[in-house]
**Student:** 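One structure follows; several queries about it will come next.
Residues take their numbers from the sequence shown, with the count starting at 1. Hydrogens, waters and symmetry mates play no part in the numbers below; they use all other heavy atoms, side chains included.
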Amino acid sequence: MAHKRNRKKGRQSRASLIILIVLALLLIAASIVLVFSLPEDQVLIGTTQSTTQSSIRLTDGFDCSASEASQLYPFADGIVKMTTNRLAKLDMSGSEVFSTNLDYAAPLAVVANGYFLAADRDNHDFTVIDGDKVLFAGRVDGRIAGASISRHGYLAIISDENDSTGVVSIFDLTRGEKLFDCIFAESGYVLSVSFPVDEDCFDVSLVNTAASEARPLIKRYSLEGQLISQRIPDLTSIYPVIRYDINANPVLCGPNELVAISYESDETVWQQDFIEITFVSSSSQGLVVAAAGSEMGIYQLFVLGDTGKIAFSEIIGETMTGMTVSQDLAAVASGSALKIYDLQNSRVLADQMADAEIIRMAFASDNNLTVVTRAGVRRFGVKE
């Protein structure tokens, strides 16, 4: 690993190119549908302690066309509208708060921890805003393949370059500057990067193709670019996403399993298998997972405790088109149907229909859920 631009160039074999293609397809599939298989004796069907439901209140919003709705993203206390040539923050009445011009051929949005990243996957440019202003605009050398933003204001961008297996560039958004690049010429192909919640470091998930079969490789770096530790688990699947369990262990998320690891031990901490994973997120109550459990095509919501065992589960249904989590709340969309779960009290908080198909949603606070449908933007009050 090197922290400067003097990369080692090497010829990539035909097998490596095939692996790259397979990885790209798996990453696309994982972003839409992650997949897994729980043993039947561990699948708890409909085991909520209480299913008492309360109606959520429509508190704000505005109407728009379906084409405009596709450009809208819930963010902070309002909405972001992103097109190929403009990025604008809107309030809940649809009025513009501030904007900036773009020239993006293939816009990509990443929303996390109070920041909104707009990136151009083709032309390597990116822009970051918070709720009040444009914080930073920059450019990387390669095609932007992914990104992560920490709650402390650090941005990691993964870029693909012709003479590398992936570059991770680290930026400090609070100071508006680039810190360094991480290059992995001899380690494998970069899949994702993630920031632990309360630690000054970041984790990189790679797939090592030097051996006879693809193996996951996980590396942890300080925010000064120094390698802290690494693990090569005795696993052969590809794990394109890293999340964190309630004990802050990195959890490798694959298409049909979750594996928690530790940098202090060669043994895995815990493992859970499912039929089909669609969503994984951290919460105050544990790791929140949406997946097909014991039967393919029937999706369930699971909360995994500190040892990876299921602490709570609830049937979602045969379809699932979106999900969002905030602290002890989770919302699930299925077409125009909306369910909200109180994870702390293990119950369904609300189950009702929106006025049109739900495109995106996110919690603005514990008491408010912002939903973008094909008919407009709706803000719901969730808790009393």
Side-chain angles (χ1 to χ4, degrees), residues 31 56-104 106-121 125-137 147-149 151 153 155 173 279 281 321-327 329-340 350 352-383:
S31 66
I56 54 179
R57 309 176 312 279
L58 179 63
T59 62
D60 215 340
F62 60 90
D63 295 335
C64 67
S65 66
S67 60
E68 183 179 9
S70 67
Q71 303 168 343
L72 303 180
Y73 299 81
F75 176 65
D77 57 347
I79 291 289
V80 166
K81 182 176 182 179
M82 182 173 66
T83 66
T84 57
N85 55 24
R86 202 159 183 268
L87 184 70
K89 169 73 185 304
L90 312 178
D91 63 22
M92 286 306 299
S93 69
S95 299
E96 187 174 297
V97 178
F98 66 88
S99 65
T100 186
N101 293 328
L102 304 176
D103 185 15
Y104 289 2
L108 164 73
V110 175
V111 185
N113 296 314
Y115 300 96
F116 186 101
L117 167 71
D120 188 351
R121 288 170 290 190
D125 297 317
F126 66 91
T127 302
V128 181
I129 66 172
D130 61 10
D132 303 314
K133 59 187 177 301
V134 176
L135 286 178
F136 190 76
S148 180
I149 311 174
R151 64 172 57 191
L155 166 67
L173 298 177
F279 182 93
S281 181
T321 55
M323 187 168 176
T324 186
V325 173
S326 177
Q327 296 301 318
L329 294 175
V332 176
S334 177
S336 58
L338 176 64
K339 281 187 178 182
I340 300 176
Q352 66 183 65
M353 302 295 291
D355 58 348
E357 182 183 357
I358 297 170
I359 300 174
R360 300 181 185 97
M361 58 184 179
F363 287 100
S365 70
D366 281 349
N367 297 323
N368 296 293
L369 177 69
T370 304
V371 177
V372 178
T373 76
R374 293 195 179 279
V377 176
R378 310 288 181 249
R379 172 71 59 81
F380 294 101
V382 177
K383 281 187 176 181

**Student:** Are any of the side-chain heavy atoms of T370 and V377 separated by less than 4.5 Å?
**Tutor:** yes
**Student:** Rounded to the nearest 0.5 Å, how far does OH of Y115 lie from CZ of F75?
**Tutor:** 9.5 Å
**Student:** For side chain to side chain contact (heavy atoms under 4.5 Å, CB included), just list the numbers for N101 and N85, CA-CA rounded to whole Å, side-chain angles, deciding distance to a tenth of an Å, and then say yes or no.
**Tutor:** CA-CA 6 Å; N101 293 328; N85 55 24; over 6 Å; no
**Student:** Counting C-beta onward and ignoring hydrogens, is there a side-chain heavy-atom pair between V382 and L329 closer than 4.5 Å?
**Tutor:** yes
**Student:** Quick check for you: to the nearest 0.5 Å, what is the distance between S336 atom OG and R374 atom CZ?
**Tutor:** 11.5 Å
**Student:** If we count only N and O atoms by modelled type, under 3.5 Å, do the side chains of T83 and Y104 hold a donor and an acceptor together?
**Tutor:** no
**Student:** Hey, does F126 have a side-chain heavy atom less than 4.5 Å from the side chain of L108?
**Tutor:** no
**Student:** Are M82 and F116 packed together at the side-chain level, in the sense that at least one heavy-atom pair is separated by less than 4.5 angstrom?
**Tutor:** yes
**Student:** Under the criterion side chain to side chain contact (heavy atoms under 4.5 Å, CB included), I'd like the reasoning laid out for R378 against D63: C-alpha separation, chi angles, the key distance, then a yes or no.
**Tutor:** CA-CA 8 Å; R378 310 288 181 249; D63 295 335; 2.8 Å; yes
**Student:** Minimum heavy-atom separation for M92 and F62, please, with both atom names.
**Tutor:** O-CD2, 3.3 Å
**Student:** Backbone N or O of R379 within a donor-acceptor pair of the R57 side chain at under 3.5 Å?
**Tutor:** no
**Student:** Answer whether the closest heavy-atom distance between the side chains of V332 and L338 falls below 4.5 Å.
**Tutor:** no
**Student:** Is there a side chain to side chain contact (heavy atoms under 4.5 Å, CB included) between D103 and T84 once you walk through the steps?
**Tutor:** CA-CA 6 Å; D103 185 15; T84 57; over 6 Å; no
**Student:** Does R86 use its side chain to pair, donor to acceptor, with the backbone of S99 at less than 3.5 Å?
**Tutor:** no
**Student:** Calculate, to the nearest 0.5 Å, the distance between atoms CG and CG belonging to D130 and L135 respectively.
**Tutor:** 4.0 Å
**Student:** State, to 0.1 Å, how close N368 and G381 come at their nearest heavy-atom pair, and which atoms those are.
**Tutor:** OD1-CA, 4.0 Å
**Student:** Answer yes when E68 and K81 have at least one side-chain N-carboxylate O distance shorter than 4.0 Å, and no when they do not.
**Tutor:** yes
**Student:** Hey, could you give me the CG/CG distance between L87 and L117, rounded to the nearest 0.5 Å?
**Tutor:** 10.0 Å
**Student:** Do T321 side-chain atoms and G335 backbone N/O form a donor-acceptor pair below 3.5 Å?
**Tutor:** yes
**Student:** Are the side chains of V372 and I79 in contact, using a 4.5 Å heavy-atom criterion?
**Tutor:** yes
**Student:** Give me the atom names and distance for the closest heavy-atom approach of A76 to G131.
**Tutor:** CB-CA, 4.3 Å
**Student:** Quick one: are V128 and V134 in side-chain contact, heavy atoms under 4.5 Å?
**Tutor:** no
**Student:** Give the C-alpha distance, both sets of side-chain angles, the deciding distance and a yes or no for side chain to side chain contact (heavy atoms under 4.5 Å, CB included) between L72 and L90.
**Tutor:** CA-CA 9 Å; L72 303 180; L90 312 178; 4.3 Å; yes
**Student:** What is the minimum heavy-atom distance between A109 and Y73, and which atoms define it?
**Tutor:** CB-CE2, 3.7 Å
**Student:** What's the shortest heavy-atom distance between A354 and T373, and which atoms?
**Tutor:** CB-CG2, 4.2 Å
**Student:** Can you list everything that forms a side chain to side chain donor-acceptor pair (under 3.5 Å) with D77? Sequence neighbours excluded, please.
**Tutor:** K89
**Student:** Quick one: which residue pairs count as a ring pair (Phe, Tyr, Trp, His ring centres under 6.0 Å) with a foot in residues 78-102, not counting sequence neighbours?
**Tutor:** none
**Student:** Please name the pair of heavy atoms, one in S70 and one in S67, separated by the smallest distance, quoted to 0.1 Å.
**Tutor:** OG-O, 2.6 Å
**Student:** Using a 4.5 Å cut-off on heavy atoms from C-beta on, say whether the side chain of L369 contacts that of T324.
**Tutor:** yes
**Student:** I need the Q352 CD to F380 CZ distance, nearest 0.5 Å.
**Tutor:** 6.0 Å
**Student:** Using atom types as modelled and distance alone, determine if a side-chain donor or acceptor of S334 lies under 3.5 Å from a backbone N or O of A337.
**Tutor:** no
**Student:** Distance check, rounded to the nearest 0.5 Å: I129 atom CD1 versus L173 atom CG?
**Tutor:** 12.0 Å
